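Just below is one structure, and these are the notes that go with it.
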Amino acid sequence: MKDAPLLNLALAMFLTLSIGWLLFIGRPILLPVVTGLFAVYVMISTSNALHRQLLLRHLPLPFLRFCVLSVFAAAVITLAIVAAATIREIAAVAPVYEANMDAFLESIAARFELDHQELWLGIRTVTIDAFDLRVVFLSLLGGFTNVGLTVFLIVIYAAFLMSERSNFEKKLAAVFSTPNQAQMAKRVIREINTKISDYLAVKTLINVVLGVISFLILWAHGTDFALFWAVMIGLLNYIPYVGSYIGVLFPVILSFAQFASLSHTLSLTFFLTATQFIMGNVIEPRFIGRQVNLSPVIVLIALSVWTGLWGIPGAILAVPLTSVIAIIFASFASTRFIAVLLADRVEE
């Protein structure tokens with residue numbers, strides 16, 4: 001096939017489209033497995049870090065991993081329950097928010113004598129009157145119908161993946177026919193483990209700090225459901241570039257609906273946005289650096305592709321998934337050029 005570049009290109013495109021189609025239709029099966037795998041990366045890094053502490057280094061490492069897994073399972077299940085309950089509460093108070101916004105708009109219209117102007121009535125008809133806050137949040141609530149099963153699968157897969165981790169290298173050595181192939185596979189997996197574990201561990205710590213600061217800001221402004229929104233901001237910060245700002249958008253909009261005060265909403269927006277900017281442009285680059293070594297353009301493309309395939313979970317997993325693909329491509333001479341194109345910097 002060396003003399004048929006067009007045929008090779010066509011076959012490569014067909015393979016890529018086939019894999020994408022399989023990823024799309026296999027989302028219900030693959031997403032919990034992949035999420036559980038990356039959760040294992042975080043838990044392994046956490047348990048190893050705990051094992052290095054003076055007071056915990058004498059405890060057996062498997063016991064620490066079991067404790068971390070238990071905390072992870074409890075946290076994920078609690079988060080799913082709290083999220084569903086909070087969405088119900090928001091939907092229940094939505095009429096109050098709508099009344100507050102309606103009163104605010106009426107005061108603006110009265111101040112500028114817009115009440116009876118045809119243009120104002122037309123704008124109101126196609127915007128405020130057409131927007132039902134309760135319906136919006138009830139539709140969001142519908143997305144939580146299958147969360148229970150998904151969360152259960154993620155926890156189960158994470159538990160079994162952690163238990164299988166110790167025997168994985170022995171199985172890998174038995175798969176390949178030559179020791180060189182097995183060593184190369186171990187090297188690739190070791191590099192994936194190191195880079196993805198470091199990235200996810202530091203990113204998770206940053207997200208926790210971001211969530212705590214956001215909670216304090218929301219609480220100080222008296223925003224309803226402050227803890228829920230802080231958790232959402234922290235989770236959405238896994239999405240590169242835009243995630244944390246999307247997380248800020250929801251509490252800001254509902255804060256305006258809650259208080260119907262422009263100055264209050266602007267204050268909340270300023271403090272939340274300033275926090276995202278500092279964390280994303282000062283703190284994150286310093287601690288994460290360029291561990292995953294992906295071009296910003298590639299990150300944006302990966303974000304679009306994985307979001308299209310798996311929705312919001314795909315957006316959260318876009319960077320580590322693409323990083324794994326880049327590491328695999330870099331390990332073979334025939335595909336190394338693809339890894340170079342994906343990289344932010346090229347090693348000399």
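Basis for what follows: all heavy atoms, side chains included, without hydrogens, waters or symmetry-related copies. Nothing here was measured: the structure is a model prediction, and the numbers come from that model.
- Ring-plane geometry between His221 and His264 is classed as perpendicular, the angle between the planes exceeding 60 degrees on a 0 to 90 degree scale with a lower cut at 30.
- Side-chain contact between Tyr157 and Val34 is absent, with no heavy atoms from C-beta onward closer than 4.5 Å.
- Under the 4.5 Å side-chain contact rule for hydrophobic residues, Val297 and Val242 share a cluster.
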Handout entry: Ser197/Ile44 under side chain to side chain contact (heavy atoms under 4.5 Å, CB included): CA gap, chis, key distance, verdict
Key = CA-CA 8 Å; Ser197 295; Ile44 293 294; 5.6 Å; no
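- Nearest heavy atoms, Thr322 versus Ala302: OG1-CB, 3.2 Å.
- Residues Leu268 and Phe259 do not share a hydrophobic cluster, defined by chaining ILVMFWY side chains whose heavy atoms lie under 4.5 Å apart.
- Contact detail for Trp229 and Pro251: the closest heavy-atom pair is CG-CB, 3.7 Å.
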Problem - Evaluation steps, side chain to side chain contact (heavy atoms under 4.5 Å, CB included), between Leu321 and Phe38 - result: CA-CA 9 Å; Leu321 283 170; Phe38 285 115; 3.6 Å; yes
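- Environment of OH in Tyr245: crowded, with over 12 heavy atoms of neighbouring residues, nucleotides or ligands closer than 6.0 Å.
- Residue Gly211 comes nearest to Ala230 through the heavy atom pair O-CB, 3.3 Å, listed as atom of the first residue, atom of the second, then distance.
- Criterion: ILVMFWY side-chain heavy atoms under 4.5 Å apart, direct or through other members. Under it, Ile316 and Leu30 are part of a common hydrophobic cluster.
- Side-chain contact between Leu227 and Trp219: absent, with no pair of heavy atoms (C-beta onward) separated by less than 4.5 Å.
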Exercise for the section: Could you check Gln276 against Ile233 for side chain to side chain contact (heavy atoms under 4.5 Å, CB included), going step by step and ending with a plain yes or no? Expected result: CA-CA 9 Å; Gln276 317 307 318; Ile233 290 172; 3.8 Å; yes
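- Residue Ile298 comes nearest to Leu341 through the heavy atom pair CG1-O, 4.0 Å, listed as atom of the first residue, atom of the second, then distance.
- With contacts defined as side-chain heavy-atom distances shorter than 4.5 Å, the pair Leu254/Asp224 does not qualify.
- Annotation for Met279 and Leu210: closest pair CG-CD1, 3.9 Å, computed over non-hydrogen atoms.
- Between Pro62 and Phe66 there is no side-chain heavy-atom pair separated by less than 4.5 Å.
- Among all heavy-atom pairs drawn from Leu64 and Ser47, the shortest one is CD1-O, 4.1 Å.
- At a threshold of 4.5 Å between side-chain heavy atoms, the hydrophobic network of Ile, Leu, Val, Met, Phe, Trp and Tyr places Ile19 and Ile328 in one connected group.
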Problem - Worked check of side chain to side chain contact (heavy atoms under 4.5 Å, CB included) between Val248 and Thr275 - result: CA-CA 10 Å; Val248 166; Thr275 302; over 6 Å; no
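- With contacts defined as side-chain heavy-atom distances shorter than 4.5 Å, the pair Leu218/Leu272 qualifies.
- Side-chain atoms of Glu191 never come within 3.5 Å of backbone atoms of Ile327 as a donor-acceptor pair (strictly under, hydrogens ignored).
- Residue Tyr199 is grouped with residue Leu300 when hydrophobic side chains (ILVMFWY) are merged at heavy-atom distances under 4.5 angstrom, including chains of intermediate members.
- Residues Glu89 and Phe225 are in side-chain contact: their nearest non-hydrogen atoms beyond the backbone lie under 4.5 Å apart.
- Proximity of Ile246 to Ile239: side-chain heavy atoms (C-beta onward) are nowhere separated by under 4.5 Å.
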